[in-house]
Number of protein chains: 2
Amino acid sequence: MIEIILLQLFVLILFAKIAAIVFEFVRLPPLVGEIVAGIIIGNTFIFDLLQLGTNIEVLSVLAEIGVIFLLFAIGLETPFSDLKRVGGTAILVAILGVIFPFIFGFLLIVSSGFPQIEALFIGAAMTATSIGITARVIKDMNIMNSIESKVIIGAAVIDDVLGLVILAMISGIASGGAMDIVDTVMVAALAVLFVVAVVFVGSGLLPKVRKQVHEFRTPTPVMRARRKISPLAVAIIVCFGLSAAASYFGLAAIVGAFLAGMVFAEFKDLFPIGEQFEAINEFLVPFFFLYIGISVNLSTFGGVAILALMITFVAIATKFIGCGLGAYRLGVKSAAIVGVGMAPRGEVGLIIASVGLTIGSISNDMFSIVVFMSLLTTLAAPLLLTYTFNWKMGRTARF
Amino acid sequence: MIEIILLQLFVLILFAKIAAIVFEFVRLPPLVGEIVAGIIIGNTFIFDLLQLGTNIEVLSVLAEIGVIFLLFAIGLETPFSDLKRVGGTAILVAILGVIFPFIFGFLLIVSSGFPQIEALFIGAAMTATSIGITARVIKDMNIMNSIESKVIIGAAVIDDVLGLVILAMISGIASGGAMDIVDTVMVAALAVLFVVAVVFVGSGLLPKVRKQVHEFRTPTPVMRARRKISPLAVAIIVCFGLSAAASYFGLAAIVGAFLAGMVFAEFKDLFPIGEQFEAINEFLVPFFFLYIGISVNLSTFGGVAILALMITFVAIATKFIGCGLGAYRLGVKSAAIVGVGMAPRGEVGLIIASVGLTIGSISNDMFSIVVFMSLLTTLAAPLLLTYTFNWKMGRTARF
């Protein structure tokens with residue numbers, strides 16, 4: 001068994017890295033190269049040759065660990081103080097950026113003659129911007145420190161929570177027939193409580209703890225033992241702890257990982273773990289994007305291509321309008337940057353779509369459409385971001 | 001499904017790190033702490049609480065990736081030139097250190113009234129010193145650069161190959177009744193060919209390649225693309241490539257990983273990847289030692305404890321005599337260091353034991369005995385190494 005897994009890992013990493021380099025060479029985002037590598041592997045003889053069908057669980061776990069560490073690393077570059085500064089705008093961007101895609105996505109699918117429940121799932125899958133993909137696009141473009149990036153990342157975190165609340169509501173409708181108000185409110189309340197608790201502990205309590213750590217310098221035996229504790233190990237434990245907690249609270253695990261990263265962002269000087277996580281992520285993150293690509297089924301795709309393009313257009317346009325309105329106070333050009341930066345859909349959208357697929361509310365084709373939409377919005381974002389950033393910079397230069 | 005896996009990862013890492021710190025604090029090898037953490041998890045209510053029974057495959061893959069990266073990192077600190085210097089001694093140490101445990105292990109089991117085939121498997125499981133455990137003990141003791149360490153590591157690589165050749169022979173006996181000479185010779189020839197090929201390419205061809213790389217500095221478009229290729233990615237690809245190749249050649253995958261590490265040891269200045277691998281390994285390696293511990297079944301162990309202790313004694317004594325004789329030309333004290341340093345058994349012994357378990361040649365109890373022997377030899381090695389090193393240093397100090 002282990003021979004075939006080693007061969008799988010070898011071929012998967014090889015394809016992902018070659019595709020990433022080729023895409024980077026023609027100035028496209030490397031992560032799209034990794035997704036395309038996954039689509040190629042998943043839709044050709046390579047899939048059967050590698051016997052990926054029988055071992056897909058292993059790949060899915062590596063993908064999940066990869067996206068968790070990715071979100072941790074992104075959180076690590078997002079201190080609470082920064083997020084608080086953009087908090088109000090980010091919340092508005094998130095809410096409007098959820099309402100517009102959900103309503104117009106729903107209307108598009110219903111008016112195309114599909115059942116209402118399927119339309120609800122597709123609408124929901126269009127609500128949540130992918131923190132993972134968005135942040136990597138932003139990182140690849142080297143614009144992590146701009147105000148727009150902070151708003152985008154903050155809003156992407158919040159709309160993940162909103163997206164999962166919507167999922168809780170519509171799966172209630174799909175299974176029970178009527179919506180269970182109590183359950184929905186519970187999920188929403190727990191989710192908000194969890195985020196608020198971590199943010200409160202992170203921004204309120206931790207600075208005091210770190211002051212204590214600074215002051216407490218007497219070399220007792222306990223301190224000597226403590227010095228053997230590697231910061232990386234502590235970070236990994238907290239990361240998995242909060243990820244597991246988040247999923248038990250009904251949130252996406254990646255939200256917990258992101259919050260864990262934000263906690264450690266406050267301790268960057270005491271725990272210099274950024275480079276170590278970059279090394280781990282260079283190994284693990286490609287599995288996440290490969291896995292998305294491998295999940296795409298091209299064979300039945302021809303018949304639904306037009307609908308996929310329409311959904312993609314609605315997905316980009318509604319995020320642009322909704323999030324742009326939310327960020328209007330930053331100025332027109334910054335609002336445009338936020339509007340296009342929120343376009344990429346990913347993990348949460350795919351989670352919602354796969355819940356719909358599992359309980360039989362959406363078809364296989366509709367699932368492929370969601371992946372296709374996620375891919376195209378991801379491809380479009382860096383092009384649109386480059387364009388809008390140049391627009392803003394050009395104006396700045398003229399003044 | 002993912003919630004439970006995240007909880008498993010969280011609890012496993014937490015237990016492993018706490019155990020490692022506690023063991024380090026009382027000056028015992030941290031890896032033994034990790035194995036003990038695994039035994040605790042595998043033999044208490046925690047195992048069922050974490051539902052590890054249903055997801056053990058995921059843990060076994062993480063363990064396998066962990067031990068592969070560990071062996072790569074060890075290879076990274078073992079340049080060919082060093083190994084060539086100790087080559088002759090290492091070969092002699094390896095051969096004598098395989099013959100003695102195999103013969104006396106076989107005799108002990110047969111004389112205890114067990115079938116010959118079971119005795120052959122236990123004898124074989126006692127032949128191969130664990131590179132992974134040995135190297136980590138050596139690293140924890142900070143004696144990587146001594147001549148004895150080089151001999152021990154070199155011999156441990158070679159006796160892994162010998163152990164797997166013996167496995168090929170006895171599984172031939174167990175399945176076909178009679179030994180298939182052609183198959184055995186094929187496996188042995190392929191194994192030797194593979195190691196020689198990698199060593200030849202590594203020590204002969206690569207210095208020329210790296211000279212070329214140094215000289216070829218014209219910034220062509222290809223070179224610009226090449227600069228985007230991360231050394232870590234190349235190392236990971238080569239590591240998995242050679243590991244997969246090794247397992248297809250009938251060798252343990254870790255032998256390929258070790259050889260891959262040795263190749264990159266020649267390029268340390270061009271590819272500074274040591275720290276990056278250390279970060280990845282801090283996450284992945286504990287899974288290997290946890291997995292060994294979890295595989296131990298304590299509930300049936302009481303009945304075979306005496307036999308386990310006898311086998312452990314024979315395992316340590318025969319390696320001490322065999323390897324000590326092999327290293328005699330280094331002087332009595334260095335020979336003693338090599339003799340005790342070769343004691344830890346691990347991966348290959350456990351692989352051989354699980355092959356025996358799978359084809360029904362050895363019992364469940366006998367498998368637990370092999371794990372117990374592996375654990376005790378690992379615990380004994382650092383104590384004996386410290387003692388023999390002090391003995392040698394004391395003499396050096398007196399001269």
Would you say the side chain of B/Phe283 lies within less than 4.5 Å of the side chain of A/Leu232, judging by non-hydrogen atoms?
no
May I ask you to test the A/Leu6-B/Ile65 pair for a side-chain heavy-atom distance under 4.5 Å?
no
Applying side-chain contact (heavy atoms from CB on, under 4.5 Å), run through A/Ile236 and B/Leu9 and close with a yes or a no.
CA-CA 10 Å; A/Ile236 289 173; B/Leu9 293 175; over 6 Å; no
Interchain contact, A/Ile273 with chain B, by part (heavy-atom threshold 4.5 Å)
neither
Using non-hydrogen atoms only, which part of A/Phe69 is less than 4.5 Å away from chain B: side chain, backbone, both, or neither?
side chain
Rounding to 0.5 Å, atoms CZ (A/Phe277) and CD1 (B/Ile280) come to a distance of 12.0 Å
Whatever's closer than 4.5 Å to a heavy atom in chain A on B/Leu14 counts as both
Yes or no on side-chain contact (heavy atoms from CB on, under 4.5 Å) for A/Glu64 and B/Ile5, after CA distance, side-chain angles and deciding distance?
CA-CA 10 Å; A/Glu64 180 71 19; B/Ile5 288 178; over 6 Å; no
To the nearest 0.5 Å, tell me how far B/Glu275 CD sits from A/Glu275 CD.
7.5 Å
Hey, are the side chains of A/Leu7 and B/Tyr248 touching, using non-hydrogen atoms and a 4.5 Å cut-off?
yes
When rounded to the nearest 0.5 angstrom, what is the spacing between CZ in B/Phe240 and CD1 in A/Ile13?
5.0 Å
Distance check, rounded to the nearest 0.5 Å: A/Glu278 atom CD versus B/Gln276 atom CD?
8.5 Å
Below 4.5 Å, heavy atoms only, C-beta onward: do A/Glu57 and B/Val58 meet side chain to side chain?
yes
